[in-house]
Amino acid sequence: MALNTSEPLKTLAVDIGGSGIKVMVLDEKGEPMTARDRLDTPVLPTPEAVLDIILTLATDKTFDRVSVGFPGVIRVGVTETAANLHPSWIGFNLQGALQEKLGKPVRVANDADLQGLGVVAGQGLELVITLGTGFGSALFIQGILVPNLELGHHPFRKGETYEQQLGRAALETAGKKKWQERLNKAIAQLAHTFNYDYLYIGGGNAKEIKMELPPRVKIVPNIAGLLGGIALWRGEV
Ligand code: BGC
(Lines give C-alpha, C1' and ligand atoms only; values in the text may rest on other atoms or scores of the structure.)
Protein backbone atom coordinates (compact mmCIF):
# COMPACT_ATOMS: atom_id res chain seq x y z
CA MET A 1 0.00 0.00 0.00
CA ALA A 2 1.58 3.32 -1.09
CA LEU A 3 2.05 6.27 1.26
CA ASN A 4 1.95 9.99 0.54
CA THR A 5 5.36 10.97 1.87
CA SER A 6 5.18 14.77 1.38
CA GLU A 7 3.68 15.29 4.88
CA PRO A 8 5.15 14.09 8.22
CA LEU A 9 3.60 10.69 8.76
CA LYS A 10 1.63 9.69 11.83
CA THR A 11 1.83 6.12 13.08
CA LEU A 12 -0.91 4.42 15.07
CA ALA A 13 0.98 2.12 17.46
CA VAL A 14 -1.09 -0.79 18.77
CA ASP A 15 -0.13 -3.20 21.57
CA ILE A 16 -2.33 -6.30 21.74
CA GLY A 17 -2.04 -7.76 25.22
CA GLY A 18 -3.66 -10.61 27.10
CA SER A 19 -5.55 -8.21 29.37
CA GLY A 20 -5.64 -4.90 27.48
CA ILE A 21 -5.34 -3.46 23.98
CA LYS A 22 -3.49 -0.15 23.94
CA VAL A 23 -2.98 2.45 21.21
CA MET A 24 -1.17 5.75 20.77
CA VAL A 25 -0.36 7.98 17.80
CA LEU A 26 3.35 8.65 17.22
CA ASP A 27 4.95 11.41 15.16
CA GLU A 28 7.61 10.73 12.55
CA LYS A 29 10.35 10.69 15.21
CA GLY A 30 8.36 8.23 17.32
CA GLU A 31 7.29 10.80 19.94
CA PRO A 32 3.76 10.45 21.34
CA MET A 33 1.16 12.76 19.77
CA THR A 34 -1.75 11.49 21.87
CA ALA A 35 -2.24 9.99 25.31
CA ARG A 36 -2.32 6.21 25.53
CA ASP A 37 -5.81 4.82 24.98
CA ARG A 38 -6.82 1.37 26.28
CA LEU A 39 -9.70 -1.07 26.20
CA ASP A 40 -9.90 -4.49 27.84
CA THR A 41 -9.03 -7.48 25.70
CA PRO A 42 -12.33 -9.27 24.90
CA VAL A 43 -13.16 -12.27 27.10
CA LEU A 44 -13.13 -14.45 23.98
CA PRO A 45 -10.15 -12.91 22.19
CA THR A 46 -10.74 -14.17 18.64
CA PRO A 47 -9.22 -12.23 15.71
CA GLU A 48 -12.63 -10.69 14.91
CA ALA A 49 -13.22 -9.52 18.50
CA VAL A 50 -9.70 -8.07 18.85
CA LEU A 51 -9.90 -6.34 15.45
CA ASP A 52 -13.21 -4.76 16.49
CA ILE A 53 -11.53 -3.28 19.58
CA ILE A 54 -8.67 -1.88 17.49
CA LEU A 55 -11.19 -0.30 15.10
CA THR A 56 -13.03 1.28 18.04
CA LEU A 57 -9.77 2.66 19.47
CA ALA A 58 -8.76 3.99 16.04
CA THR A 59 -11.99 5.80 15.12
CA ASP A 60 -11.23 9.16 16.78
CA LYS A 61 -7.57 9.24 15.69
CA THR A 62 -5.78 10.53 12.59
CA PHE A 63 -2.89 8.43 11.27
CA ASP A 64 -1.23 7.32 8.05
CA ARG A 65 0.19 3.92 8.96
CA VAL A 66 -0.05 1.32 11.69
CA SER A 67 2.40 -0.73 13.83
CA VAL A 68 1.14 -3.66 15.84
CA GLY A 69 2.77 -5.63 18.64
CA PHE A 70 1.20 -9.09 18.93
CA PRO A 71 1.69 -11.62 21.79
CA GLY A 72 2.87 -14.51 19.62
CA VAL A 73 5.19 -15.52 16.81
CA ILE A 74 4.78 -13.42 13.65
CA ARG A 75 5.95 -14.38 10.21
CA VAL A 76 5.34 -11.89 7.38
CA GLY A 77 2.26 -10.45 9.03
CA VAL A 78 0.74 -13.83 9.89
CA THR A 79 0.25 -14.89 13.53
CA GLU A 80 1.73 -18.36 14.06
CA THR A 81 1.12 -18.78 17.81
CA ALA A 82 -1.13 -17.07 20.36
CA ALA A 83 -0.70 -18.83 23.71
CA ASN A 84 -2.70 -16.25 25.69
CA LEU A 85 -5.35 -15.33 23.13
CA HIS A 86 -7.42 -17.82 21.09
CA PRO A 87 -6.50 -20.81 18.88
CA SER A 88 -8.18 -19.22 15.87
CA TRP A 89 -5.22 -16.79 15.62
CA ILE A 90 -2.97 -19.57 14.34
CA GLY A 91 -2.33 -18.87 10.67
CA PHE A 92 -4.31 -15.60 10.70
CA ASN A 93 -3.15 -12.84 8.35
CA LEU A 94 -3.28 -10.01 10.90
CA GLN A 95 -1.44 -7.57 8.69
CA GLY A 96 -3.76 -8.15 5.72
CA ALA A 97 -6.98 -8.13 7.75
CA LEU A 98 -6.15 -4.93 9.63
CA GLN A 99 -4.91 -3.21 6.48
CA GLU A 100 -8.24 -3.95 4.83
CA LYS A 101 -10.29 -2.74 7.81
CA LEU A 102 -8.31 0.45 8.48
CA GLY A 103 -7.44 1.26 4.85
CA LYS A 104 -3.83 2.08 5.90
CA PRO A 105 -0.56 0.18 5.59
CA VAL A 106 0.06 -2.09 8.58
CA ARG A 107 3.22 -3.75 9.92
CA VAL A 108 3.15 -6.37 12.65
CA ALA A 109 5.80 -7.82 14.98
CA ASN A 110 5.97 -9.82 18.19
CA ASP A 111 5.10 -7.62 21.21
CA ALA A 112 8.37 -8.26 23.09
CA ASP A 113 10.35 -7.59 19.89
CA LEU A 114 8.58 -4.23 19.57
CA GLN A 115 9.15 -3.41 23.23
CA GLY A 116 12.83 -4.17 22.74
CA LEU A 117 13.05 -1.96 19.66
CA GLY A 118 11.83 0.86 21.90
CA VAL A 119 14.54 0.39 24.54
CA VAL A 120 17.79 -1.17 23.33
CA ALA A 121 20.96 0.91 23.08
CA GLY A 122 22.23 -0.89 19.97
CA GLN A 123 25.42 -2.12 21.63
CA GLY A 124 26.53 -5.65 22.35
CA LEU A 125 24.12 -8.44 23.20
CA GLU A 126 20.91 -7.05 24.67
CA LEU A 127 18.16 -9.29 26.00
CA VAL A 128 14.67 -8.05 26.80
CA ILE A 129 12.05 -9.87 28.83
CA THR A 130 8.48 -8.70 29.37
CA LEU A 131 6.39 -9.65 32.38
CA GLY A 132 2.69 -9.41 31.67
CA THR A 133 -0.04 -11.96 31.00
CA GLY A 134 2.68 -13.96 29.27
CA PHE A 135 6.47 -13.96 29.43
CA GLY A 136 7.93 -12.22 26.38
CA SER A 137 11.53 -12.18 25.20
CA ALA A 138 13.60 -10.42 22.55
CA LEU A 139 17.25 -10.64 21.59
CA PHE A 140 19.39 -7.98 19.90
CA ILE A 141 22.96 -8.08 18.65
CA GLN A 142 24.40 -4.61 18.00
CA GLY A 143 20.80 -3.38 17.80
CA ILE A 144 19.79 -6.00 15.22
CA LEU A 145 16.77 -8.02 16.22
CA VAL A 146 16.80 -11.82 16.24
CA PRO A 147 13.03 -12.13 15.75
CA ASN A 148 10.58 -14.35 17.60
CA LEU A 149 12.73 -15.62 20.47
CA GLU A 150 10.19 -17.58 22.54
CA LEU A 151 11.88 -18.12 25.88
CA GLY A 152 8.55 -18.01 27.69
CA HIS A 153 7.66 -21.55 26.69
CA HIS A 154 11.06 -23.05 27.50
CA PRO A 155 11.68 -25.11 30.64
CA PHE A 156 12.78 -22.99 33.59
CA ARG A 157 12.43 -24.89 36.88
CA LYS A 158 10.32 -27.49 38.68
CA GLY A 159 9.08 -28.87 35.37
CA GLU A 160 7.56 -25.51 34.45
CA THR A 161 8.31 -22.91 31.79
CA TYR A 162 9.33 -19.29 32.37
CA GLU A 163 5.76 -18.28 31.56
CA GLN A 164 4.21 -20.82 33.92
CA GLN A 165 6.47 -19.58 36.73
CA LEU A 166 6.43 -15.85 36.00
CA GLY A 167 3.33 -15.02 33.94
CA ARG A 168 0.33 -13.16 35.34
CA ALA A 169 -1.39 -16.34 36.60
CA ALA A 170 1.78 -17.30 38.52
CA LEU A 171 2.02 -13.86 40.10
CA GLU A 172 -1.57 -14.18 41.27
CA THR A 173 -1.23 -17.70 42.69
CA ALA A 174 2.32 -17.58 44.07
CA GLY A 175 2.14 -14.01 45.42
CA LYS A 176 4.57 -11.13 44.95
CA LYS A 177 7.33 -12.40 47.26
CA LYS A 178 7.68 -15.87 45.71
CA TRP A 179 7.30 -14.41 42.23
CA GLN A 180 10.23 -12.06 42.84
CA GLU A 181 12.36 -14.91 44.19
CA ARG A 182 11.60 -16.83 41.02
CA LEU A 183 12.46 -13.79 38.93
CA ASN A 184 15.82 -13.57 40.66
CA LYS A 185 16.51 -17.18 39.71
CA ALA A 186 15.37 -16.52 36.14
CA ILE A 187 17.73 -13.55 35.84
CA ALA A 188 20.64 -15.71 37.04
CA GLN A 189 19.74 -18.45 34.58
CA LEU A 190 19.39 -16.02 31.68
CA ALA A 191 22.72 -14.43 32.57
CA HIS A 192 24.41 -17.83 32.35
CA THR A 193 22.57 -18.82 29.18
CA PHE A 194 22.96 -15.63 27.13
CA ASN A 195 25.88 -13.82 28.77
CA TYR A 196 24.07 -10.62 27.90
CA ASP A 197 25.63 -7.18 28.13
CA TYR A 198 22.27 -5.75 29.19
CA LEU A 199 18.99 -7.25 30.28
CA TYR A 200 15.89 -5.05 30.18
CA ILE A 201 12.73 -6.01 32.03
CA GLY A 202 9.46 -4.52 30.77
CA GLY A 203 5.77 -5.40 30.72
CA GLY A 204 2.89 -4.41 32.99
CA ASN A 205 4.08 -6.51 35.96
CA ALA A 206 7.61 -5.10 36.03
CA LYS A 207 6.17 -2.51 38.44
CA GLU A 208 5.86 -5.30 41.04
CA ILE A 209 9.66 -5.67 41.23
CA LYS A 210 10.81 -4.17 44.52
CA MET A 211 14.13 -5.98 44.92
CA GLU A 212 17.52 -4.64 43.99
CA LEU A 213 18.57 -5.88 40.58
CA PRO A 214 22.01 -7.17 39.59
CA PRO A 215 24.31 -4.92 37.55
CA ARG A 216 23.40 -4.48 33.88
CA VAL A 217 19.75 -5.35 34.54
CA LYS A 218 17.29 -2.51 34.13
CA ILE A 219 13.52 -2.06 34.41
CA VAL A 220 12.05 -0.24 31.41
CA PRO A 221 8.66 1.46 31.12
CA ASN A 222 5.83 -0.54 29.61
CA ILE A 223 5.02 2.33 27.25
CA ALA A 224 8.07 1.20 25.21
CA GLY A 225 5.76 -1.50 23.83
CA LEU A 226 4.02 1.30 21.92
CA LEU A 227 6.99 3.61 21.32
CA GLY A 228 8.92 0.73 19.71
CA GLY A 229 6.25 0.69 16.99
CA ILE A 230 8.02 3.42 15.02
CA ALA A 231 10.95 1.05 14.38
CA LEU A 232 8.80 -1.06 12.05
CA TRP A 233 8.59 1.98 9.76
CA ARG A 234 12.26 2.91 10.02
CA GLY A 235 13.36 -0.20 8.22
CA GLU A 236 15.03 -1.50 11.39
CA VAL A 237 13.36 -4.89 11.26
C1 BGC B 1 4.10 -15.52 23.68
C2 BGC B 1 5.14 -14.53 23.21
C3 BGC B 1 4.82 -13.16 23.76
C4 BGC B 1 4.67 -13.22 25.26
C5 BGC B 1 4.29 -11.88 25.87
C6 BGC B 1 4.02 -15.50 25.18
O7 BGC B 1 3.04 -16.39 25.62
O8 BGC B 1 4.42 -16.83 23.23
O9 BGC B 1 5.17 -14.49 21.80
O10 BGC B 1 5.82 -12.25 23.39
O11 BGC B 1 3.71 -14.18 25.63
O12 BGC B 1 3.07 -11.43 25.38
Side-chain angles (χ1 to χ4, degrees), residues 13-23 36 38-42 45-47 49-50 53-54 67-95 107-120 126-140 145-156 160-173 179 182-183 186-187 190 194 199-209 219-229 231-232 237:
V14 182
D15 183 12
I16 302 175
S19 53
I21 297 171
K22 293 141 255 169
V23 304
R36 193 194 76 155
R38 179 194 185 280
L39 284 172
D40 282 349
T41 303
T46 59
V50 169
I53 299 277
I54 298 174
S67 288
V68 185
F70 179 82
V73 172
I74 300 289
R75 203 185 302 267
V76 277
V78 173
T79 56
E80 288 196 354
T81 69
N84 293 304
L85 289 176
H86 189 271
S88 54
W89 279 98
I90 294 166
F92 181 72
N93 184 350
L94 174 56
Q95 181 181 17
R107 290 187 182 171
V108 188
N110 170 266
D111 55 357
D113 287 353
L114 263 203
Q115 173 105 10
L117 287 162
V119 302
V120 292
E126 296 175 278
L127 182 66
V128 181
I129 60 171
T130 64
L131 303 169
T133 305
F135 180 105
S137 54
L139 183 64
F140 295 82
L145 172 69
V146 179
N148 292 316
L149 176 72
E150 285 283 317
L151 273 180
H153 305 293
H154 278 247
F156 168 39
E160 291 194 333
T161 63
Y162 285 95
E163 183 158 302
Q164 286 167 329
Q165 286 259 306
L166 289 163
R168 185 183 59 191
L171 174 61
E172 280 161 13
T173 48
W179 181 83
R182 290 176 182 179
L183 179 61
I187 293 171
L190 294 173
F194 288 93
L199 170 66
Y200 305 97
I201 307 179
N205 289 335
K207 63 178 182 303
E208 304 298 348
I209 303 172
I219 295 177
V220 292
N222 199 28
I223 197 82
L226 287 168
L227 299 178
L232 297 188
V237 185

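Atoms within each ligand, like the ligands themselves, are counted from 1 in listed order. Every heavy atom of this structure was used, including side-chain atoms; hydrogens, water molecules and symmetry mates were not.
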*Using a heavy-atom cut-off of under 4.0 Å, does the side chain or the backbone of Asn110 touch ligand 1, or both, or neither?*
side chain

*Short list, please: which atoms of ligand 1 are under 4.0 Å from a heavy atom of Gly72?*
9 (O)

*Should you measure from each heavy atom of Ala83, which atoms of ligand 1 turn up under 4.0 Å away?*
7 (O)

_For a quick check under 3.5 Å, do Glu163 and Asn84 share a side-chain donor-acceptor pair by atom type?_
yes

*What atoms of ligand 1 come closer than 4.0 angstrom to any heavy atom of Gly136?*
4 (C), 5 (C), 10 (O)

*Answer yes or no: is there a donor N or O on one side and an acceptor on the other, between the side chain of Trp89 and the main chain of Leu94, under 3.5 Å?*
no

*Would a distance-only check, ignoring hydrogens and angles, find a side-chain to backbone donor-acceptor pair under 3.5 Å from Ser137 to Leu149?*
yes

_Keeping Gln164 on the side-chain end and Thr161 on the backbone end, is there a donor-acceptor pair under 3.5 Å?_
yes

*Enumerate the atoms of ligand 1 whose separation from the nearest heavy atom of Glu163 is less than 4.0 angstrom.*
6 (C), 7 (O), 11 (O)

*asked:* Give me the atom names and distance for the closest heavy-atom approach of Phe70 to Ala82.
replied: CZ-CB, 3.9 Å

*Look at the side chain of Asp15 and the backbone N and O of Asp111, then say whether any donor-acceptor pair between them is shorter than 3.5 Å.*
no

*Applying a 4.0 Å heavy-atom criterion (strictly less than), which segment of Pro71 is in contact with ligand 1: side chain, backbone, both, or neither?*
both

*asked:* Give me the residue, atom name and distance of the protein heavy atom closest to atom 3 (C) of ligand 1.
replied: Asp111 OD1, 3.4 Å

*Is the backbone of Gly72 close enough, under 3.5 Å, to the side chain of Asn110 for a donor and an acceptor to pair up by distance?*
yes

*asked:* Considering non-hydrogen atoms of the protein only, which is the closest contact for atom 9 (O) of ligand 1, and what is the distance?
replied: Glu150 OE2, 2.5 Å

_Counting only nitrogen or oxygen atoms and a 3.5 angstrom limit, does Thr81 reach ligand 1?_
no

_ligand 1 versus Asn84: contacting region, heavy-atom distance under 4.0 Å_ = side chain

_Flag, side chain of Thr133 to backbone of Arg168, donor-acceptor distance under 3.5 Å_ = no

_Numbered atoms and elements of ligand 1 in range of His153, under 4.0 angstrom, heavy atoms_ = 1 (C), 6 (C), 7 (O), 8 (O)

_For Gly134, atoms of ligand 1 separated by under 4.0 Å from a heavy atom_ = 11 (O)

